[in-house]
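Reckoned from all heavy atoms, side chains included, excluding hydrogens, waters and symmetry mates.
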Protein chains: 2
Amino acid sequence: MTTIIDVAKKAGVSKSTVSRVVSNKGYVSQETRQKIEKAMHELGYIPNMLARNLQSGLTKTIAFISHDFNQHTSIFLNAFTKTALNHDFYVNLYVTGGDKDKELDALNLMKYKQVDAIFIFTRSNSWDKIIPFKKFGPISTWHRIDSPDIYSSYVNQYESYLMSLEFLLTRDYQSIGHILGDENNKNTIARIKALNHFYDYHPELKKDCDWIFVNSSHLNTGRDIAKKWASSIHKPDALVFYTDFIAAECISELQLLGIKVPEDLGIMGFDNSTISEIVHLTTVDCHLETQALNCFNYLHSQLKQLDFKPKDITQDLVIRSSTK
Amino acid sequence: MTTIIDVAKKAGVSKSTVSRVVSNKGYVSQETRQKIEKAMHELGYIPNMLARNLQSGLTKTIAFISHDFNQHTSIFLNAFTKTALNHDFYVNLYVTGGDKDKELDALNLMKYKQVDAIFIFTRSNSWDKIIPFKKFGPISTWHRIDSPDIYSSYVNQYESYLMSLEFLLTRDYQSIGHILGDENNKNTIARIKALNHFYDYHPELKKDCDWIFVNSSHLNTGRDIAKKWASSIHKPDALVFYTDFIAAECISELQLLGIKVPEDLGIMGFDNSTISEIVHLTTVDCHLETQALNCFNYLHSQLKQLDFKPKDITQDLVIRSSTK
DNA sequence: TTGTATGCGTTATCAC
DNA sequence: GTGATAACGCATACAA
């Protein structure tokens, strides 16, 4: 391994001068610069990032923490990584599998100086446990959290959920089933609020509490929901899911059961992820790419002390044939 | 920031003794160990990875290079990252977007000591350009390559393709269309060989060259293939795709066109990825998780000078309702 | 069992 | 403009 010292010897200068050339800082005369560049070239000199990192105290690396990496993660991850690379930042992956301790290990990496900042895609620990890590560096997430310490690119699912329900009404769906996420999730709470308001606005519609599911229930997969629907006597004529994949699973199972979408049952998803196009799912596009951009830009601005203006995120209905 | 020097002062010992405690190497008496641990705790000492990395010359990080991260990548990525983390290794992502120069930048990271090893998921440069990087550290891939310098976990797609075609024959499909990947890809070459042998074995079947597509053609997406099929006069009664996602796109478009799968047209995929279950796709499971395991274990064994025995990878037909 | 001295490769701070 | 020297924080031969 050749170092700046080797280059310095070969070029007959001091290592500080070589460093100036390598890092392109400070004054070096044309003459000596060329001498040094020639020596660097001949020796095949390669700067050592490890030494640079130690010196600067920075790694130019951001941790991306998630339970796992599946089709649900990939849109976001792809956008995030692309943006990061464009800004000369690396993205380090940490799969926690939903394990709280592993998640804390991952969060600890920032204080060990292994990474400069953290993005949280999914988490198991409470925000109260996570927020203290802020003192070691910036943290962002796409989940809904109201904290001055952690940036969140969340979209208001109250609005989009109301929009989805009103849309179903225009398509003449009268009784609607609701498949919601984790009950403690703020998005879920916002959706429940929207749902209640929706029924307040439309007293003619009946709210069927048997068809409001939260993730904590036994019916976790879309396939379970489909089976439940098929075997029920009182059944809604439309189902709204909190995420596309579960909706896609449901459609898939409905096909096996010979139930027609959207004639027998209308289905709506959320996210406009790749799979939604495959299964013709009506859904809401919440522009994950833009969210990823905002999440990275926040971290970047914190690290470089730039000011940060998030891009506006709209929520747009994407109408496909899973609804009438 | 507190360092081992601070701890040493507080505990009244030398920094080397502290280092021994921190890194858990060498002899330290119970007594002084406790003194040091107490001091570490009181000062809230945190070891600095940057310094450790410089000292060891290692980052415990592996680069994962891919054109992008989509549903196609996620199974592999997930398995790879999980395995890596279990062995205390980090995974760094490099999205190249198919750009040759960006890919070379990513490969260069190993010589800059930014990563210890490299896994290549997708590539743009020729192997000849990639192989020289081997001298900076181990490289593995899941693509088919026969080189002593790069480990490959590839499965023999000649066998699996022949298996797929023979299976279709048992289901009474007589004329088969073939959708293949990049023409320079070794997997594609293996598939073409299998295809030719298949027609040699079964002279009663006619080989329709109009229905053998390689990726370089204009028909890139599954939707294009579906439209082409719908508008053709001479059409095969089954299509075999080189990857599930394109097959899923095709099924999706066929549904829009009112064409029945498997009655009007049988469809087969390859990979057994998540999407295949959603769209009821008959496919081949080539155990990506095991391949990812092998790819990581190879790199790990090279870095730690262990011996490496890859796990056997079988290819299993997964029969769903996209075929009769 | 512990301390001393030196190295890892680079950058920053001074003089000159 | 350039060069000596000291950081950066830790690890490790070697001496004691």
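Nucleotide D:dC10 holds its P atom 16 Å from the CG atom of B:Asn24, rounded to whole Å. Taking atom CG on B:Leu50 and atom P on C:dT11, their separation rounds to 14 Å, with Å as the unit. Across the protein-nucleic acid pair, B:Met40 atom CE and D:dC10 atom C1' stand 14 Å apart, rounded to whole Å. Remark: P of D:dG3 and CZ of A:Arg20 are 8 Å apart, rounded to the nearest angstrom. Atom OH in B:Tyr27 sits about 17 Å away from atom C1' in C:dG3, given to the nearest Å. Computed from coordinates, the B:Lys25 NZ to C:dT1 C1' distance equals 19 Å when rounded to whole Å.
In this model, a donor atom of one side chain and an acceptor atom of the other lie less than 3.5 Å apart for B:Ser66 and B:Thr122. Residues A:Ser16 and A:Ser19 have side chains that never bring a donor and an acceptor to within less than 3.5 angstrom of each other. Donor-acceptor pairing under 3.5 Å is lacking for the side chains of A:Thr59 and A:Asn53. Using modelled atom types and a 3.5 Å distance limit, the side chains of B:Asn86 and B:Thr83 yield no donor-acceptor pair. With hydrogens and angles left out, the side-chain atoms of B:Thr243 and B:Asp271 include a donor and acceptor closer than 3.5 Å.
The residue A:Thr32 sits close only to the backbone: its heavy atoms come under 4.0 Å of sugar-phosphate atoms, none of a base. As judged by a 4.0 angstrom heavy-atom cut-off over every strand, B:Val18 is placed among residues making no nucleic acid contact.
A salt bridge links A:Lys38 with A:Glu42: at least one charged nitrogen is closer than 4.0 Å to a carboxylate oxygen.
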Can you tabulate the close N/O pairs, meaning under 3.5 Å, that link protein atoms to atoms of nucleotides 7-10 of chain C?
from   : atom 1 : to      : atom 2 : distance (Å)
C:dG7  : N2     : B:Gln55 : OE1    : 2.2
C:dC8  : O2     : B:Gln55 : OE1    : 3.3
C:dT10 : OP1    : A:Tyr45 : OH     : 2.4
C:dT10 : OP1    : A:Asn48 : N      : 3.1
C:dT10 : OP2    : A:Ile4  : N      : 2.8
C:dT10 : O2     : A:Gln55 : OE1    : 3.1
C:dT10 : O4     : A:Lys15 : NZ     : 2.9

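Between A:Phe76 and A:Phe80, the angle of the ring planes stays under 30°, which puts this pair in the parallel group of the 30/60° scheme. Ring geometry for A:Phe121 versus A:Phe64: interplanar angle under 30°, hence parallel rather than tilted (30 to 60°). Classification of the B:Phe296-B:His300 ring pair by plane angle, with boundaries at 30° and 60°, yields parallel.
Taking only side-chain nitrogens and oxygens, A:Ser56 never comes nearer than 4.0 Å to OP1 or OP2 of D:dC8. One finds no side-chain N or O of B:Ser16 lying less than 4.0 angstrom from the OP1 or OP2 phosphate oxygen of C:dT4. In this model, the phosphate group of D:dG3 is approached by a side-chain N or O of A:Thr17 to a distance below 4.0 Å at OP1 or OP2.
Taking the screw axis at each terminus of the helix from C:dT1-D:dA16 to C:dC16-D:dG1 from five consecutive base pairs, the angle between the two is 40° to within rounding of 10 degrees.
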